[in-house]
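Below is one structure, written out as structure tokens, with a few remarks after it.
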Amino acid sequence: MVIPPQNDVDVHANDLNFVAIAENGQLVGFNVLVGGGLAMTHGDKSTYPRKASDFGFIALQDTLALAEAVITTQRDWGNRVNRKNAKTKYTLERVGVDNFKAEVEKRANVTFGESRPYEFTGRGDRFGWVEGIDGKYHLTVFIENGRILDYPGKTLKTGCAEIAKIHKGDFRMTANQNLIIAGVAPEDKAKIEALAKEHGLIAPSVSNQRLDSMACVALPTCPLAMAEAERYLPDAVTELEGILDKHGLANDSIIFRVTGCPNGCGRAMLAEVGLVGKGPGKYNFHLGGNREGTRIPKMYKENISEQEIMAELDALIGQWAAERTEGEAFGDFVIRAGVVKPVIDSARDFYE
Ligand code: SF4
């Protein structure tokens, strides 16, 4: 479920999504998006990343019936013969979006309305303190790669343990691998903030580029990994920061994601620059996603090394710095400049 304008859970990565629609400050229902998914298999063009299809609006009271109908339709209609084509996204393409939707309406006894207008303006987490409607406070902190460990000069794990001793609310992990210390009473705010600072949970300065970068775990944790991701990311971001700085764009950023294999857990297939592991030190290099997470990027170069990727980025970012229109994001620029074609309907144009 997502509350616009922040697409902070990356709805197009998921099979079933609810976009919250509010009127006069009250939740009235959801736009339902079905059939997103980012996994594919190298060399198998019957697999591809896909954005979710917008089925339309439902009222709040129909939510559970609708969710059950989507799940049972996929259960009954999904491909149980070929595991690589089992996901809902392939069922939609095989039976047709309209047919799937009509079956869901029949099973749920619900008719979808016109989708209600909404806008996504970004995907990152809202770092720092936010006050909730119940008067409690929530502190979001950046955790590089989502690893809460004790590092030299940055005792994140000990810090969390110390905060837990006095914190009466929750710890929530975000879909962007960060941490929310949630439900803090006003009287505990200063103490928790002091502990978070003392243990490096509130870092003095993290670049926009680092905040907008993410990787899956890959090696050594994941046996499916073909290339490094989590262990490569910090150094890759440092290089990228240097390239942005060199071209006068130190305060800009690119949604940059690395995933160790085409299963796509690092959600590189919704990034402006997405790297998909191909072999040790080698990646397929994708360009042209957008900042809102509503466009799949296209393969630009196949099976290239880390050095070649950074050289390509240096040239492209230089071009972006020189030719961008006011505020134009990198992913939009590479499409306007004709570096890659946009992916509009990935079942048909992802491999074009
Ligand atoms: S994308 Fe591949 S390597 Fe990365 S965590 Fe998922 S399965 Fe493992």
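All ligand and atom numbering here is 1-based and tracks the order in the structure. Being a predicted model, the structure only gives us computed values, none of them experimental. Each residue takes its place number in the sequence, starting with 1.
Ring pair F18/F30 is perpendicular by interplanar angle, where above 60° counts as perpendicular and below 30° as parallel.
Which parts of ligand 1 touch G260 is read off a 4.0 Å heavy-atom cut-off, strictly below it: atoms 3 (S), 4 (Fe). Near C261, with a cut-off below 4.0 Å to any heavy atom, the atoms of ligand 1 are 1 (S), 2 (Fe), 3 (S), 7 (S). Distances below 4.0 Å separate heavy atoms of T259 from the following atoms of ligand 1: 1 (S). Residue G264 has at least one heavy-atom neighbour below 4.0 Å for each of these atoms of ligand 1: 1 (S). Interface atoms of ligand 1 facing L224, defined by a heavy-atom separation under 4.0 Å, are 7 (S). Atoms of ligand 1 found under 4.0 Å from any heavy atom of A225, numbered from 1 in the order shown, are 3 (S).
Backbone or side-chain N, O or S atoms of C222 do not reach atom 4 (Fe) of ligand 1 at under 2.8 Å. Under 2.8 Å from atom 6 (Fe) of ligand 1 lies an N/O/S atom of C265, whether from backbone or side chain.
A cation-pi geometry, defined here as NZ or CZ lying under 6.0 Å from the six-membered ring centre and within 45° of its normal, holds between K154 and Y151.
When all heavy atoms are compared, the tightest approach of F120 to Q6 is CD2-C, 4.2 Å.
Scanning the protein for heavy atoms near atom 4 (Fe) of ligand 1, the closest one is C216 SG, 2.4 Å.
Counting only N and O atoms by type, the side chains of W129 and E193 include a donor and acceptor under 3.5 Å apart.
One finds a salt bridge joining D252 and R324 here, because a Lys/Arg side-chain nitrogen approaches an Asp/Glu carboxylate oxygen to under 4.0 Å. Ion pairing between a basic and an acidic side chain is recognised when a charged N comes within 4.0 Å of a carboxylate O; K168 and D188 show such pairing. At a threshold of 4.0 Å, the pair R116-E23 counts as salt-bridged, since one of the basic side-chain nitrogens sits closer than that to a carboxylate oxygen.
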